[in-house]
Q: 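Here you go, one structure.
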Amino acid sequence: MPPPKVLMVAEKPSIALAIASVLSHGQMFTRRGSTEVHEFEGMFRDSPAHFKVTSVIGHVFSLDFPAKYQDWSATDPFDLFQAQVVKNESNPKAHICRHLNQEARGCRYLVLWLDCDREGENICFEVLESSGFNIRDAYRARFSSVTEKDVLKALDNLVKPNRAESLAVDARQEIDLKVGVAFTRFQTSFFQGKYGNLDSRVISYGPCQTPTLGFCVQRYLQMNTFKPEKFWSLHPYIFHNGYEIQLEWQRGKLFDINVAMMFQKLVAQDGVLKVTEMSEKQETKARPVGLNTVNLLKVASSALGFGPQMAMQLAERLYTQGYISYPRTESTAYPPSFDFRGALSAQANNPTWGNYVQGLLTNGYHKPRSGTDVGDHPPITPMRSAAEDTLGNDAWKLYQYICQHFIGTVCPDCKYLRRKVEFSIGGESFHCTGHNVITKGFTAIMPWLAVSDKNLPSFIKGQKIEVSKMELYEGSTAPPDYLTESDLISLMENNGIGTDASIPVHINNICERNYVQVQAGRKLVPTTLGITLVRGYQTIDPDLCLPDIRSFIEQQITLIAKGQIDHHYVVQHVIQQFMQKFSYFVKKIEDMDALFEAQFSTLTESGRILSKCGKCLRYMKYISAQPPRLYCGTCEEVYDLPQKGIIKLYKELCCPLDNFELLLCSMPGPEGKSYPLCPYCYSNPPFEGIEALINTAKTGTSGKMGKGAGMPCTLCPHPSCPNSLVSQGVCACPECSGTLVLDPVSAPKWRLFCNMCNCLVFLPQGAHRISTTRERCSECDSSIIEVDFNKKTTPLEDGSTLHRGCILCDELLHSLIEMKHGRGFRSSRGRGRGRKVGYRGRGRGGKMMDPKMSFRDF
DNA sequence: GCAAGGTC
């Protein structure tokens, strides 16, 4: 009988590889799949076994609402709280689910090597579900590093997956989804399009991102309401043994000038300082503990100028290239088995700190400070040596810091002598201090943390010294500055907002949504939108933007993780509370709106005059802020426009159906297409069934029209309007089910573009005029086009300029056209997708043909 | 178009 098969699943491919390498002593067979599978023979629970080690790539599933809740306009956000939720595959293209199911076939046991935290426990159950394993045959390996010792120990001490912890994550997902989506949809819909200068594509809410924004706005409000106060302080100066020294007053600063002047008088009456006390104390500046993600992000932002998102991208790349250890970790304690000698040796040839490292290797390095072990991954350390030119400037800076920090952790502490001399005059005490470094320790490697020497002349106790100058210093208290990114990361960490991996995402979110801007010195300056939102929450329900909202959720799901309360009960309880908050927020939204009204301009006062309304025949205003729209002040109607592209008036032409003036939308760039549209038809398509077509064009799915999708003239089936698809369409698109239409403003670089995809076809360049005709090709039913060539460059033999023909069947025209795609050129040849393409698009039954054949010569 | 959490 063959030995039983054991399937092992890790959280990411690199861990699968590491575990397999340890267990197989490097003797494994690796094959590719959705993720790599490593196979080898070994021992499992004292019997021979065949191992297969593979991995997922993070979470297998993510939570969402079923399809019927996806349409914003057809769903009341309040209903989302009680809606069902479904688990979809996180990354359907990776086919992780199928992969696990296939690999599980014929396996007797499952061993789960996922990170040892709640999320890891949750992924265990995702793997169980995907693979179809019975939990009876599944085991959990608990490990905190992938060293041989740890891996073998974990395999000898297998436990069962922890369902309670996994359920806590399920609960968190459901609560975050429902709360976030309900509030986001409600406030987006409420404010969208209401104000002219408000960028309101999405006005999001989330239990992590909103408190994050709250921190930035809170600081802004503190700055704004700050009242400076004057203060006074006595600054005596002395000349002693060639040093000029300013002494510090024991009382620091006083906020009453009369009191300060009284002391000044007392001191002046005495006139002579007496040395009362001299002391020396050895101080220690401790070496750093191991580097975790949050601290790396803080240094990257404050010292290197990299935002968290950027820093993580750089770190990720250094990690995948093998230069540093895994960059997402909370722990600052090194595992007991950590190979310091090995890691240090890799740095021994570095031109900057190599000599110092060699010293540590020969004279002995220090045991690092203990730090904290959260049981996830070891601190971030360099894994191998690197050179600046192979890494590139930014990655090198980050790598350099990681090396310096690592070396710093095994260096001696910095020690210095602190000298203090105390004086008395007129009954008041003053002092001065000096520093003398004894041992540089880790500051030799991290020079920016060095203690600078400050020498003091020698004094004798009881000595009397003249005051050379007595200054009554007048100062003023200063407001705090904007939060730096580094401050924000600390606040998030201390308040339990986000995780090492998600903190950069939240910060990025509030920047991208235009709630804050990163300014010089990586300071976070809230925008009017960000400030108004937070002030709105503060007036309606301050909880909504306080970090407690996250701690409340965390605390509730911890009850599930501990197995104390049923998970459905907790979810229902928390959801009930948020439903109440939501109802109250909806009821009071006018209070927030009042703040918006004060900050943003109404539609009437914003925008510029653009085109005529077909109903009242007056001019409408074009509002360019997202989402772009037209506003008719007379009819008080808003007409949505395409989200992207530059909008202009189109030759003062009018739509024959509704009399609205036509607009031209041009996409940027040399290959950007231009198309006309009627502002009324765009949002209110006049022909039945057109929505499905529009949605196919915009999103590739059918259904109701979503935001940002509309009917331009290039999709309009109007039979006689000169701008409609029927008039401007030339032939079927060879790439999709769309139609190639003439770009009416492309002269002299005449071209056709597809009304559905980004397919582009260049027509004879430099022609005077190219237009469609009502005639059709007898061969392929395409529109015959008329070309008026330039006199000088006409290809026609008799020097004439006018030519009519089909771009596919007319030899001359066909030889003059060239096919290109909007994004990246792909040859249409040999793609073998087996599409069935016929003539469609012009609304008339034509002879079926395969345009792919006609385009074969491109 | 929406959350937060994994990982790439």
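To find a chain, count down the sequence lines: A is the first, B the second, and so on, and within it residues start at 1.
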Q: Side chain of A/Gln209 only, please: which of B/dA4, B/dG6, B/dT7 is the nearest?
A: B/dA4
Q: Looking at every strand, decide which applies to A/Asn122 at a 4.0 Å heavy-atom threshold: base, sugar-phosphate, or nothing.
A: nothing
Q: Return yes if a side-chain donor-acceptor contact under 3.5 Å exists between A/Thr188 and A/Tyr205, otherwise no.
A: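 No, A/Tyr205 and A/Thr188 have no side-chain donor paired with an acceptor closer than 3.5 Å.
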Q: Would you indicate, yes or no, if B/dG5 has its OP1 or OP2 atom less than 4.0 angstrom from a side-chain nitrogen or oxygen of A/Ser502?
A: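 Yes, because at least one side-chain N or O of A/Ser502 sits under 4.0 Å from OP1 or OP2 of B/dG5.
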Q: Does B/dA4 have OP1 or OP2 under 4.0 Å away from a side-chain N or O of A/Arg172?
A: no
Q: A/Ile123 near the nucleic acid: base, sugar-phosphate alone, or nothing, with a heavy-atom cut-off under 4.0 Å?
A: nothing
Q: When you check the side-chain N and O atoms of A/Ser34 and A/His95, is any donor under 3.5 Å from an acceptor?
A: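 No pair is found: no donor N or O on one side chain lies under 3.5 Å from an acceptor on the other.
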Q: Looking only at the side chain of A/Lys12 (C-beta and beyond, no hydrogens), which of the listed nucleotides B/dG6, B/dA3, B/dT7 gets closest?
A: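 That would be B/dT7.
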Q: When the distance from CG of A/Asp115 to P of B/dG5 is rounded to whole Å, what number comes out?
A: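 Rounded to whole Å, this separation is 15 Å.
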Q: Looking at A/Tyr69, I'd like to know whether one of its side-chain N or O atoms comes within less than 4.0 Å of OP1 or OP2 on B/dC2.
A: no
Q: So, does A/Thr499 get its side chain near the phosphate of B/dG6, meaning an N or O under 4.0 Å from OP1 or OP2?
A: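 Checking A/Thr499 against B/dG6: at least one side-chain N or O falls below 4.0 Å of OP1 or OP2.
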Q: Counting the atoms with a prime plus P, OP1 and OP2 as sugar-phosphate, which does A/Arg317 contact under 4.0 Å by heavy atoms, base, sugar-phosphate, or nothing?
A: nothing
Q: Distance check needed: B/dC8 P versus A/Glu36 CD, whole Å only.
A: 12 Å
Q: Check the distance between B/dG6's P and A/Asp176's CG and give it to me in whole angstrom.
A: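 Taking CG of A/Asp176 and P of B/dG6, I get 11 Å after rounding.
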Q: For A/Tyr326 and B/dC8, give me the distance from atom OH to atom P, rounded to whole Å.
A: 6 Å
Q: Looking only at the side chain of A/His59 (C-beta and beyond, no hydrogens), which of the listed nucleotides B/dG1, B/dA4, B/dG6 gets closest?
A: B/dG6
Q: Give A/Phe183 one of three labels, base, sugar-phosphate or nothing, depending on what nucleic acid heavy atoms sit under 4.0 Å from its own.
A: nothing
Q: Between B/dG5, B/dC8, B/dC2, spot the one nearest the side chain of A/Val181, thanks.
A: B/dC2
Q: Got a donor-acceptor pair under 3.5 Å from the side chain of A/Gln70 to the base of B/dC2?
A: yes
Q: Give one of base, sugar-phosphate or nothing for A/Gly498, where a contact means two heavy atoms less than 4.0 Å apart.
A: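 Counting heavy atoms under 4.0 Å across all strands, the contact made by A/Gly498 is with sugar-phosphate only.
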Q: Starting from P on B/dA3, measure out to CD1 on A/Ile575 and report it in whole angstrom.
A: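 One finds 16 Å between P of B/dA3 and CD1 of A/Ile575, rounded.
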Q: What is the distance from CE of A/Met312 to P of B/dT7, rounded to the nearest Å?
A: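 Atom CE in A/Met312 sits about 9 Å away from atom P in B/dT7.
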Q: By a 5.5 angstrom centroid cut-off and a 30 degree plane limit, is there stacking between A/Trp72 and B/dG1?
A: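 So A/Trp72 counts as stacking on the base.
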Q: So if I take every side-chain heavy atom of A/Ser90 and compare against B/dC2, B/dA4, B/dG6, which nucleotide ends up nearest?
A: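 The listed nucleotide nearest to A/Ser90's side chain is B/dG6.
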Q: Has A/His506 got a side-chain N or O lying under 4.0 Å from the OP1 or OP2 atom of B/dG5?
A: yes
Q: Taking OP1 and OP2 of B/dA4, is either one under 4.0 Å from a side-chain nitrogen or oxygen of A/Arg118?
A: no
Q: Assuming nearest nucleotide by heavy-atom distance, tell me which of A/Ser14 and A/Thr184 is located more 5' along DNA chain B.
A: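 So the residue in question is A/Thr184.
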Q: Taking only residues two or more places apart in sequence or in another chain, which ones pass ring-ring contact (aromatic ring centres under 6.0 Å, His included) with A/Phe61?
A: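 Testing A/Phe61 for ring-ring contact (aromatic ring centres under 6.0 Å, His included), a comparison that skips the adjacent residues, returns none.
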Q: A/Leu114 CG to B/dT7 P: how many Å, rounded?
A: 10 Å
Q: Side-chain atoms of residues 570-578 of chain A: list all donor-acceptor pairs with protein atoms under 3.5 Å, sequence neighbours left out, distances to 0.1 Å.
A:
unit_1   : atom_1 : unit_2   : atom_2 : d
A/His573 : NE2    : A/Gln577 : NE2    : 3.0

Q: Under a 3.5 Å cutoff, is there a donor and acceptor pairing between the side chains of A/Arg513 and A/Ser200?
A: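 There is no such pair (donor and acceptor under 3.5 Å, judged by atom type) between the side chains of A/Arg513 and A/Ser200.
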Q: Which of the following nucleotides, B/dA4, B/dC8, B/dG1, is nearest to the side chain of A/Gln192?
A: B/dG1
Q: Please classify the nucleic acid contact of A/Pro207 as base, sugar-phosphate, or nothing, using heavy-atom distances under 4.0 Å.
A: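 Result for A/Pro207 = sugar-phosphate.
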Q: Using atom CZ of A/Arg201 as one end and atom C1' of B/dG1 as the other, report the distance to the nearest whole Å.
A: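 Distance check: A/Arg201 CZ to B/dG1 C1' gives 10 Å.
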Q: Sort out for me which residue in A/Thr372, A/Asn292, A/Asp373 forms a side-chain hydrogen bond (donor to acceptor under 3.5 Å, both in side chains) with A/Thr332.
A: A/Thr372
Q: Check whether any side-chain N or O of A/Arg513 sits under 4.0 Å from OP1 or OP2 of B/dC2, and answer yes or no.
A: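 For B/dC2, OP1/OP2 do have a side-chain N/O of A/Arg513 under 4.0 Å.
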Q: Which nucleotide wins on minimum distance to the side chain of A/Glu119, given the candidates B/dT7, B/dG5, B/dA3?
A: B/dG5
Q: Does any donor atom in the side chain of A/Ser331 or A/His377 lie under 3.5 Å from an acceptor atom in the other side chain?
A: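 No - no donor-acceptor pair under 3.5 Å links their side chains.
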